[in-house]
Amino acid sequence: MTAALATSLIGLFGSIVVAALTYWATKRREREAEWRKEKLGYYKAFVESMSGIVEGDDTPEGHKLYAKTTNSLMLFAPQAVIAALNAFRSEIAISNQSRSPEQHDRLLAELMLAIRKDVGVQPADDPAKFKPMLWASGARKNAI
């Protein structure tokens, strides 16, 4: 085999390997972007559903939607999000007779921090300063 032929074969093989690796890396990034987009949709629906359970704006339909969206999170959320979600749900449960605003706020912050970490919010949050708050519309339920 001549040196020119060997060089050509090495170049051809190298080009094929580079093309294959580039294709694989591109497909991987596309799958990750699609997965992140889907997760964001679930998380967005969950956060929106929380508006239906905020004291003053809560409705039976809001509670049903909240239950549905929290159950959907079990499908894909990482363990840290599920643990924070379970703790938050236990705190706000109607059956919890020892609910406290401080515990609610702490668990809500832990849940939101876990979600934000999962979706890769940058820059990273400072847990000591992160204080999310849920807002009610202020509209009365029976207002005409």
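Start at 1 with the first residue, then count along the sequence.
Residue Trp24 belongs to no hydrophobic cluster, having no ILVMFWY side-chain heavy atom closer than 4.5 Å to its own. Within the hydrophobic cluster formed by Ile, Leu, Val, Met, Phe, Trp and Tyr side chains joined at under 4.5 Å, directly or through other members, Tyr23 stands alone, with no partner residue.
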Which pairs would a plain distance check flag for residues 3-16, meaning a side-chain donor or acceptor within less than 3.5 Å of a matching protein atom at least two apart in sequence or in another chain?
unit_1, atom_1, unit_2, atom_2, d
Thr7, OG1, Ala3, O, 2.8
Ser8, OG, Ala4, O, 2.9
Ser15, OG, Gly11, O, 2.9

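By the side-chain contact (heavy atoms from CB on, under 4.5 Å) test, Ala83 is found to be paired with no residue, residues two or more places apart in sequence or in another chain being considered. Remark: Arg89 engages Thr70, Asn71, Asn86 in a side chain to side chain donor-acceptor pair (under 3.5 Å) (not counting sequence neighbours). Listed by chain and residue number, Phe88 satisfy the ring-ring contact (aromatic ring centres under 6.0 Å, His included) test with His104 (two or more places apart in sequence, or in another chain). Applying the salt bridge (charged side-chain N to carboxylate O under 4.0 Å, His left out) rule to Glu30 yields the partners Lys27; only residues at least two apart in sequence or on another chain are considered. The ring-ring contact (aromatic ring centres under 6.0 Å, His included) search around Tyr42 returns Phe76, not counting sequence neighbours. For Lys129, the side chain to side chain donor-acceptor pair (under 3.5 Å) criterion is met by no residue, not counting sequence neighbours. Annotation: side chain to side chain donor-acceptor pair (under 3.5 Å) contacts of Tyr66 (sequence neighbours excluded): none. Shown here are the side chain to side chain donor-acceptor pair (under 3.5 Å) partners of Arg28, two or more places apart in sequence or in another chain: Glu32.
Screening residues 100-115 for salt bridge (charged side-chain N to carboxylate O under 4.0 Å, His left out), with sequence neighbours left out, gives Arg106-Glu110.
Put simply, the side chain of Asp57 never gets that close to the backbone of Ala136: no donor and acceptor are under 3.5 Å apart.
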